[in-house]
Participant: 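Structure below; questions to follow.
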Amino acid sequence: MDKIQSIKGTHDILPYESEKWKDLEDIIYKTCDLFGFKEIRTPIFEKTNLFLRGIGEVTDIVSKEMYSWQDRDGSNLTLRPELTASVVRSYIQHNLKNQSSSQRLFYMGPLFRRERPQKGRQRQFHQFGVEAFGSENPEQDVEIISIAWHLLSLLGISNKVQLKINSIGSNECRKNYRKALLDFIKPNFNLLSEVSKVRFEKNPLRILDTKNPKEITILSDAPKISDYYTNEDKTHFQTILKFLGCLNIPYNIDLGLVRGLDYYTRTVFEFTSNSLGAQDALLGGGRYDNLVQDLGGKVVPGIGFAAGIERLLLILEAEKYNFKKHTPDIYFICIEQNAIQVMLSLSKKLREKNYIVVFDLLRRSLKAQMREANRFKVRYVLIIGQEELAHKKVTIKDLQKKVQYSYNQSDLFDFFNFKINS
RNA sequence: GUGGGUGUAGCUCAGUUGGUUAGAGCACCUGGUUGUGGCCCAGGAGGUCGUGGGUUCAAAUCCCAUCACUCACCCCA
């Protein structure tokens, strides 16, 4: 029989590692709170159709990376490969538009894509993201980018990342541009790769994404989308850039930035980092003014981004981020079996006062327990043995100062109130 | 899906041209006299050498397959 082990591209998050996750998650929650964004939690699987319609059928995600299966009743289900479609589905389903004309939401959780694993890429991975509905004004775009910037600043890595931004135009712009692009490419159609031929039919903009050198040459003289912006598109993009300037958020305009999901309109952006290897995008997003409607809702503009938790952690690790230490306050040593009850009840009382208390469960020697206390880097050790038991005392040892006191068990809190709280 | 690299103890790695009971450091456990940590010293536990075949008198070492990890392509977070 095969060894039972985790599935390719999935990882266990072990103790100590999980503490880093918790730290990062706390900072994410705090950031979202600061901007008034509320958490939304949606199911981990959805009807396959949602992603086909939401993300786009010719995207890589949908065409080759989804974990899909047929349920017993014949319905086609899929483990979510991204979260925007799910959030939009929920927004429509619960009529959140009627609850408030502008909704600000964030999410965090696992996603699934069947790709070949590499640095910063797994089959189960985690994203944090925000989505805002209701406003098509540039201040909304900037609010979204600000959240990302604020988070990266809190993490101390805002100077280690680059913001790339572009506008891919409104519907009208893209309609005109699409036509111009098709006209331009048509004479060279036979020279295109198979992938690009499909994109030519379904989503010609993505042909610009090609890494194929021959196609890059062909496309070098292709019409530029920026020449097809409407006046509103121009103003919208310019205003965003102006606002970013006000906030001192540095950016690079990248006219080649298209992004691989079909639902984007106008603003697209990406934060990249060079400590991530080839998968250098750690956060990406954009505006999706058609998506709510495409999925059966009213005409509601939206914008959001998603950040890879694993990739954030990779950068934090590379930048030697100072994660919070989770050390116990007190290590309780009991070297007299008749004193176990006393240790248990004193520990309970200490925990009620919010002290983190741990103790040995193997009835090991004093020396062994002292070693462990030292290894845990706790500051205070409490000892109860025969002596202490007989006189209702407890020995308190300060491992840092290397001094030791004897206290009445009933006075224990006086010591800690004084030592730790003051 | 395609290509390169790598799989020996919990971790980082040695292992000579195939040749006895497969090693080191760190970590772990127990001690170093009666109830006291870090440093030091001594001892101990821990490995079907990723897995399955093959070649050979003999395989961690050579060959094949397979699985996993890793890096890159594609694409994305």
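A, B, ... follow the sequence lines: proteins, then strands. Residue 1 opens every chain.
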Participant: Mind checking the P distance from B:C62 to B:C39? Whole angstroms is fine.
Facilitator: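 Result for the P pair: 40 Å, nearest Å.
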Participant: Toss me the dot-bracket line for RNA chain B: Watson-Crick and G-U wobble, both under 3.5 Å, 5' to 3', using | for pairs to another strand and [ ] for crossers.
Facilitator: (((((((..((((.....[...)))).(((((.......))))).....(((((..]....))))))))))))....
Participant: Any donor and acceptor pair, going by atom type alone, linking the side chain of A:Asp23 with main-chain N or O of A:Lys324 inside 3.5 Å?
Facilitator: yes
Participant: Name all residues meeting the salt bridge (Lys or Arg N to Asp or Glu O under 4.0 Å) criterion together with A:Glu25; count only those two or more places apart in sequence or in a different chain, and write none if there are none.
Facilitator: none
Participant: Quickly work out the A:Leu276 CG to B:C71 P distance and round it to whole Å.
Facilitator: 11 Å
Participant: With a 3.5 Å cut-off and heavy atoms only, can you find an N or O donor on one side and an acceptor on the other between the side chain of A:Gln404 and the base of B:U36?
Facilitator: yes
Participant: Write down the distance separating the P atoms in B:C28 and B:G37, rounded off to the nearest Å.
Facilitator: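 Roughly 15 Å separates the two P atoms.
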Participant: For B:A72 versus B:G31, give the span between their P atoms, rounded off to a whole number of Å.
Facilitator: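 49 Å, rounded to whole Å.
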Participant: Is there a donor-acceptor pair under 3.5 Å between the side chain of A:Arg80 and the backbone N or O of A:Ser86?
Facilitator: no
Participant: Looking at every strand, decide which applies to A:Glu387 at a 4.0 Å heavy-atom threshold: base, sugar-phosphate, or nothing.
Facilitator: base
Participant: Kindly state which residues belonging to residues 304-317 of chain A come within less than 4.0 angstrom of RNA chain B, counting heavy atoms of the residue only, listed by number.
Facilitator: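 Under 4.0 Å from RNA chain B: A:Ala306, A:Gly308, A:Arg311.
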Participant: Mind checking A:Glu388 for me? I need base, sugar-phosphate or nothing, with any heavy atom below 4.0 Å counting as a touch.
Facilitator: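 Base contact - A:Glu388 has a heavy atom under 4.0 Å of at least one base atom.
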Participant: Look at the side chain of A:Asn374 and decide which nucleotide, out of B:C71, B:G35, B:G37, has an atom nearest to it.
Facilitator: B:G37
Participant: Could you check which of B:G35, B:C73, B:G37 has an atom nearest any side-chain atom of A:Thr395?
Facilitator: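 The nucleotide sitting nearest to the side chain is B:G35.
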Participant: Starting at atom NZ of A:Lys119, determine the distance to atom P of B:A72, rounded to an integer number of angstrom.
Facilitator: 8 Å
Participant: At 4.0 Å (heavy atoms only), tell me whether A:Gly129 reaches a base, stays on the sugar-phosphate, or touches nothing.
Facilitator: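 Nothing, no nucleic acid heavy atom in range.
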Participant: Could you tell me how far B:G25 sits from B:U34 if I compare only their P atoms? Round to whole Å.
Facilitator: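 Going atom to atom, P in each nucleotide, I get 29 Å.
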Participant: Among residues at least two apart in sequence or on other chains, which ones pass salt bridge (Lys or Arg N to Asp or Glu O under 4.0 Å) with A:Glu39?
Facilitator: A:Arg41
Participant: Pick from A:Gln124, A:His126, A:Gln127: which one makes a side-chain hydrogen bond (donor to acceptor under 3.5 Å, both in side chains) with A:Glu310?
Facilitator: A:His126
Participant: Look at all strands and tell whether A:Ile335 reaches a base, only sugar-phosphate, or nothing, counting heavy atoms closer than 4.0 Å.
Facilitator: base
Participant: Could you give the CG-to-P distance, from A:Asp60 to B:U2, as a whole number of Å?
Facilitator: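 In whole Å, B:U2 P and A:Asp60 CG are 16 Å from each other.
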Participant: If the C1' atom of B:C57 is compared with that of B:A14, how far apart are they to the nearest Å?
Facilitator: 28 Å
Participant: What distance, rounded to whole Å, do you find between the two C1' atoms, one in B:U55 and one in B:G15?
Facilitator: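 Going atom to atom, C1' in each nucleotide, I get 22 Å.
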Participant: Rounded to whole angstrom units, what separation is found between the CZ atom of A:Arg121 and the P atom of B:C71?
Facilitator: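 To the nearest whole Å, that distance equals 11 Å.
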Participant: Would you call the rings of A:Phe200 and A:Phe189 parallel, tilted or perpendicular, where under 30° means parallel and over 60° means perpendicular?
Facilitator: perpendicular
Participant: Name all pairs fulfilling the salt bridge (charged side-chain N to carboxylate O under 4.0 Å, His left out) condition that reach into residues 126-153 of chain A, sequence neighbours left out, sorted by first residue then second.
Facilitator: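 The answer is A:Arg104-A:Glu143, A:Asp141-A:Arg287.
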Participant: Give a yes or no on whether the backbone of A:Tyr321 and the side-chain of A:Glu319 come within a donor-acceptor separation of less than 3.5 Å.
Facilitator: no
Participant: Provide a list of protein-nucleic acid N or O atom pairs under 3.5 angstrom, restricted to nucleotides 4-8 of chain B.
Facilitator:
none

Participant: State plainly whether the residues A:Glu115 and A:Arg121 are in salt-bridge range, i.e. N to O under 4.0 Å.
Facilitator: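 Result for this pair is yes, salt bridge flagged.
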Participant: Name all residues meeting the salt bridge (Lys or Arg N to Asp or Glu O under 4.0 Å) criterion together with A:Lys38; count only those two or more places apart in sequence or in a different chain, and write none if there are none.
Facilitator: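 Per chain and number, A:Lys38 pairs via salt bridge (Lys or Arg N to Asp or Glu O under 4.0 Å) with no residue.
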Participant: Whole angstrom is fine here: how far is it from CD in A:Glu115 over to P in B:U70?
Facilitator: 14 Å
Participant: Can you name the residues that form a salt bridge (Lys or Arg N to Asp or Glu O under 4.0 Å) with A:Glu46, not counting sequence neighbours?
Facilitator: A:Arg89
Participant: What nucleotide, of B:G35, B:A72, B:C69, holds the atom closest to the side chain of A:Lys8?
Facilitator: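 In terms of side-chain proximity for A:Lys8, the closest of B:G35, B:A72, B:C69 is B:C69.
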Participant: May I ask you to evaluate whether A:Gln279 reaches the phosphate of B:A77, defined as a side-chain N or O under 4.0 Å from OP1 or OP2?
Facilitator: no
Participant: Atom CE of A:Met370 and atom C1' of B:C39: how far apart are they, to the nearest Å?
Facilitator: 15 Å
Participant: Looking only at atom types and distance, does a side-chain atom of A:Asp360 sit under 3.5 Å from a main-chain N or O of A:Arg364, one as donor and one as acceptor?
Facilitator: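 Answer holds: yes.
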Participant: Could you tell me whether A:Leu282 contacts a base, only the sugar-phosphate backbone, or nothing, with contacts defined as non-hydrogen atoms closer than 4.0 Å?
Facilitator: sugar-phosphate
Participant: Step through it carefully: locate the ring centre of A:Phe305, locate the ring centre of A:Phe128, and say whether they are under 6.0 Å apart.
Facilitator: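 That pair passes the under 6.0 Å test.
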Participant: In terms of side-chain geometry, is the basic nitrogen of A:Arg113 or A:Glu82 positioned less than 4.0 Å from the acidic oxygen of its partner?
Facilitator: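 Looking at A:Glu82 together with A:Arg113, the answer is no, because their closest N to O distance does not fall below 4.0 Å.
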Participant: Does any N or O in the side chain of A:Ser196 come within less than 3.5 Å of the main-chain N or O of A:Leu192, such that one atom is a donor and the other an acceptor?
Facilitator: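 It does not hold such a pair.
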Participant: If you find the nucleotide of RNA chain B closest to A:Gly385 and the one closest to A:Glu270, which residue's nucleotide is nearer the 5' end?
Facilitator: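 Closer to the 5' end of RNA chain B: A:Gly385.
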Participant: Pull out every protein N or O sitting under 3.5 Å from an N or O of nucleotides 27-34 of chain B, one pair per line with the distance.
Facilitator:
{"residue": "B:C28", "atom": "OP1", "partner": "A:Arg375", "partner atom": "NE", "Å": "3.2"}
{"residue": "B:C28", "atom": "OP1", "partner": "A:Arg375", "partner atom": "NH1", "Å": "3.1"}
{"residue": "B:C29", "atom": "OP1", "partner": "A:Arg364", "partner atom": "NH1", "Å": "3.4"}
{"residue": "B:C29", "atom": "OP1", "partner": "A:Arg375", "partner atom": "NH2", "Å": "3.2"}
{"residue": "B:C29", "atom": "OP2", "partner": "A:Arg375", "partner atom": "NH1", "Å": "3.3"}
{"residue": "B:G31", "atom": "O6", "partner": "A:Arg371", "partner atom": "NH2", "Å": "3.3"}
{"residue": "B:G32", "atom": "N7", "partner": "A:Lys367", "partner atom": "NZ", "Å": "2.9"}
{"residue": "B:G32", "atom": "O6", "partner": "A:Arg371", "partner atom": "NH2", "Å": "3.3"}

Participant: Quick check on contacts: within residues 47-56 of chain A, what sits under 4.0 Å from RNA chain B by heavy-atom distance?
Facilitator: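 Of all residues in residues 47-56 of chain A, none places a heavy atom under 4.0 Å from RNA chain B.
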Participant: Just distance, no hydrogens or angles: give the donor-acceptor pairs under 3.5 Å from side chains in residues 152-159 of chain A, sequence neighbours left out.
Facilitator:
{"residue": "A:Ser153", "atom": "OG", "partner": "A:Trp149", "partner atom": "O", "Å": "2.7"}

Participant: Just say parallel, tilted or perpendicular for the rings of A:Tyr380 and A:Phe416, cut-offs at 30° and 60°.
Facilitator: perpendicular
Participant: What interatomic distance, in whole Å, is found between P of B:G4 and the corresponding atom of B:A77?
Facilitator: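 Pairwise P distance, B:A77 against B:G4, rounds to 29 Å.
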Participant: In whole angstrom, what separates A:Ile383's CD1 from B:G35's P?
Facilitator: 12 Å
Participant: A:Glu65 CD to B:C74 P: how many Å, rounded?
Facilitator: 13 Å
Participant: Looking only at side-chain atoms of A:Gln5, point me to the closest of B:G37, B:C67, B:U70.
Facilitator: B:C67
Participant: Base, sugar-phosphate, or nothing for A:Gly285, non-hydrogen atoms under 4.0 angstrom?
Facilitator: nothing
Participant: Using the C1' atom in both, what is the distance from B:C41 to B:G54, to the nearest Å?
Facilitator: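 Nearest-Å result for B:C41 against B:G54 at atom C1': 50 Å.
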Participant: Can you name the side chain to side chain donor-acceptor pair (under 3.5 Å) partners of A:Glu17, sequence neighbours left out?
Facilitator: none
Participant: Judged by modelled atom types alone, do A:Asn408 and A:Lys393 share a side-chain donor-acceptor pair under 3.5 Å?
Facilitator: yes
